[in-house]
Amino acid sequence: MLIVMEHNADPEQIEKVKKAVSALGLRAEPIPGSERTAIGVLGNRGWVDDATIRGLPGIREILHVSKPYKLVSRDFHPRTTVVRVKGIAIGGGERPVILAGPCAIESEGQVLAAAHAVKKAGAQILRGGAFKPRTGPHTFQGMGLEGLKILRRAGDEVGMPVITEVMRIEQLDQVCQYADILQVGARNMQNFDLLKEVGKLRHPVMLKRGMCASIEEFLAAAEYILAEGNSDLMLCERGIRTFEQATRNTLDLSVVPIIQELSHLPILVDPSHATGRRALVPVMSKAALVAGAHGLIIEVHPAPESALCDGAQSLTPEGFSSLMGEISQLYEYLGFPG
Ligand code: PEP
Ligand code: MN
């Protein structure tokens with residue numbers, strides 16, 4: 001429930017509303033705005049009977065939010081969140097941010113080659129998986145801790161923050177030690193225990209949409225992280241399962257404007273996992289930016305033909321560099337010059 005106060009409501013009236021909310025055993029969280037204060041009500045499991053609140057002075061309206069999320073909602077937080085990672089701003093009206101690098105960390109040489117290439121082409125954040133959620137157990141599962149160290153060294157060498165996936169609660173300490181952004185992957189979008197633990201941290205997070213998750217489920221999963229206090233969260237659309245077999249997943253681009261309407265969280269797009277095909281990555285990258293994505297996360301490998309994971313969807317350094325040239329032309333058109 002959201003209680004919107006009149007623009008001239010005084011602190012005493014706000015205090016009375018907070019007390020009335022507490023008397024119901026719920027938590028009141030004032031959200032000061034430029035025009036008026038709103039008071040978010042937290043802790044309720046279902047519909048809240050507002051009989052003891054409704055008549056209090058200074059209240060303009062009471063909005064009953066029946067959705068399974070509240071903190072991620074724009075009703076609750078009208079201004080778009082900007083997540084800051086080592087001076088890079090993701091979200092809001094900022095220029096979109098490009099995250100790029102290999103699917104999996106395979107060796108120091110491979111990550112360094114990728115890091116130098118994506119940095120030179122203009123990417124701002126380096127990606128690379130050390131813990132890989134693979135479909136079958138007989139495939140490369142990632143380098144683990146050694147991979148995290150390689151990623152950190154490569155990021156430091158080229159001066160880029162790094163993002164990597166965390167699959168289990170027990171990995172959180174290590175991943176936080178080496179990575180600037182934690183990635184919660186599609187397969188873990190509804191690993192609620194992991195989401196809660198990630199929510200207790202003060203470390204930026206990128207939550208990917210589950211391959212069979214509705215937008216409402218996606219936002220409800222994000223709510224778990226915000227509800228524990230971590231508000232440095234960005235979302236990522238990475239394609240969903242449909243009947244279509246021509247692409248690895250179906251890129252649901254309409255999610256971008258829909259999430260922007262429903263939520264204040266930044267929304268990024270992963271055209272690599274969404275399509276599974278290198279040739280489709282550039283056009284879908286540009287389409288995502290036109291749709292309003294706050295950033296892209298793109299797989300780039302120095303030698304995709306010998307990649308241990310996702311080579312078919314990985315751009316070559318040359319391919320990435322030429323895409324970045326096209327993106328910078330697109331920025332002019334989208335109103336993000338220079
Ligand atoms: C990845 O980014 O490497 C990855 C495994 O993505 P997803 O969780 O979207 O499948
Ligand atoms: Mn991958």
Side-chain angles (χ1 to χ4, degrees), residues 97-106 110-111 114 118 123 125-137 139-144 147-148 150-151 162-168 171 175 179-191 194-195 198 204-213 215 217-218 221-222 225 233-242 247-253 255-256 259 267-278 280-281 284-285 288 293 295-316 320:
V97 170
I98 310 297
L99 300 77
C103 176
I105 295 153
E106 300 169 9
Q110 170 243 13
V111 180
V118 300
I125 297 174
L126 179 65
R127 68 150 284 154
F131 300 106
K132 293 303 304 172
R134 304 301 304 280
T135 300
T139 52
F140 179 57
Q141 303 286 304
M143 289 180 75
L148 291 178
I150 291 175
L151 181 67
V162 300
I163 177 170
T164 199
E165 177 160 356
V166 59
M167 286 170 57
R168 300 208 319 256
Q171 294 163 350
V175 175
D180 302 292
I181 308 174
L182 306 176
Q183 173 173 326
V184 176
R187 290 156 192 81
N188 267 319
M189 189 206 83
Q190 286 189 315
N191 180 341
L194 179 65
L195 299 179
V198 160
V205 180
M206 184 182 80
L207 175 67
K208 299 187 89 175
R209 181 183 184 185
M211 56 190 84
C212 294
I215 294 175
E217 288 164 338
F218 190 18
I225 297 176
L233 177 62
M234 50 194 129
L235 304 173
C236 179
E237 160 66 31
R238 46 77 74 205
I240 50 172
R241 277 275 165 89
T242 68
T247 48
R248 182 175 177 183
N249 291 287
T250 297
L251 177 53
D252 184 9
L253 262 191
V255 153
V256 174
I259 293 270
I267 170 78
L268 284 72
V269 169
D270 173 348
S272 308
H273 292 89
T275 61
R277 291 166 55 180
R278 182 179 311 126
L280 297 179
V281 169
M284 298 323 287
S285 296
L296 301 172
I297 179 161
I298 301 174
E299 288 186 342
V300 179
H301 194 289
E305 63 291 348
S306 54
L308 296 182
C309 187
D310 288 352
Q313 67 193 36
S314 299
L315 295 184
T316 60
F320 180 69

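Both counts, for ligands and for their atoms, begin at 1 and track the order of listing. No experiment lies behind these values; they were computed from the predicted model shown.
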Inset, instruction - Establish, from distance only, whether the side-chain atoms of D310 and H301 form a donor-acceptor pair under 3.5 Å. - result: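 Absent: no donor and acceptor within the cut-off.
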Inset, instruction - For R277, enumerate each residue passing the salt bridge (charged side-chain N to carboxylate O under 4.0 Å, His left out) test, keeping only those at least two apart in sequence or located in another chain. - result: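 Checked R277 against salt bridge (charged side-chain N to carboxylate O under 4.0 Å, His left out); zero matches.
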Check ligand 1 against the protein and report each N/O to N/O distance under 3.5 Å, formatted as atom name, atom name, distance.
from: ligand 1; atom 1: 2 (O); to: R127; atom 2: NH1; distance (Å): 2.8
from: ligand 1; atom 1: 2 (O); to: Q183; atom 2: NE2; distance (Å): 2.9
from: ligand 1; atom 1: 2 (O); to: K208; atom 2: NZ; distance (Å): 2.9
from: ligand 1; atom 1: 3 (O); to: R127; atom 2: NH2; distance (Å): 2.8
from: ligand 1; atom 1: 3 (O); to: K132; atom 2: NZ; distance (Å): 2.8
from: ligand 1; atom 1: 6 (O); to: K208; atom 2: NZ; distance (Å): 2.9
from: ligand 1; atom 1: 8 (O); to: A186; atom 2: N; distance (Å): 2.8
from: ligand 1; atom 1: 9 (O); to: K208; atom 2: NZ; distance (Å): 2.9
from: ligand 1; atom 1: 9 (O); to: R238; atom 2: NE; distance (Å): 2.6
from: ligand 1; atom 1: 10 (O); to: R187; atom 2: NH1; distance (Å): 2.8
from: ligand 1; atom 1: 10 (O); to: R238; atom 2: NH2; distance (Å): 2.8

Legend entry - side-chain hydrogen bond (donor to acceptor under 3.5 Å, both in side chains) partner of H273, the single match among E237, R238, E299: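 Filter result, single survivor: E299.
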Legend entry - Check: E106 side chain, L308 main-chain N or O, donor-acceptor pair, under 3.5 Å: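 Such a contact is found between E106 side chain and L308 backbone.
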Inset, instruction - Enumerate the protein N/O/S atoms at a distance below 2.8 Å from the Mn ion (ligand 2), ignoring waters. - result: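 Near the Mn ion (ligand 2), the protein supplies C103 SG, H273 NE2, E299 OE2, D310 OD2.
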Inset, instruction - State plainly whether the residues E217 and R209 are in salt-bridge range, i.e. N to O under 4.0 Å. - result: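 Judged by the 4.0 Å cut-off on N to carboxylate O distance, E217 and R209 do not form a salt bridge.
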Legend entry - K208 side chain near R187 side chain, heavy-atom distance below 4.5 Å: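 No, too far: nothing below the 4.5 Å cut-off.
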Legend entry - Any residue meeting side chain to side chain contact (heavy atoms under 4.5 Å, CB included) with A222, in chain and number order, not counting sequence neighbours: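 A222 satisfies side chain to side chain contact (heavy atoms under 4.5 Å, CB included) with V72, L207, L233, L235, L265 only.
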Legend entry - Spacing of OG1 belonging to T247 relative to CG belonging to L280, to within rounding of 0.5 Å: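 T247 OG1 to L280 CG: 7.5 Å, rounded to 0.5 Å.
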Legend entry - Separation between CZ of F218 and CG of D252, rounded to the nearest 0.5 Å: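 Here the rounded value is 10.5 Å.
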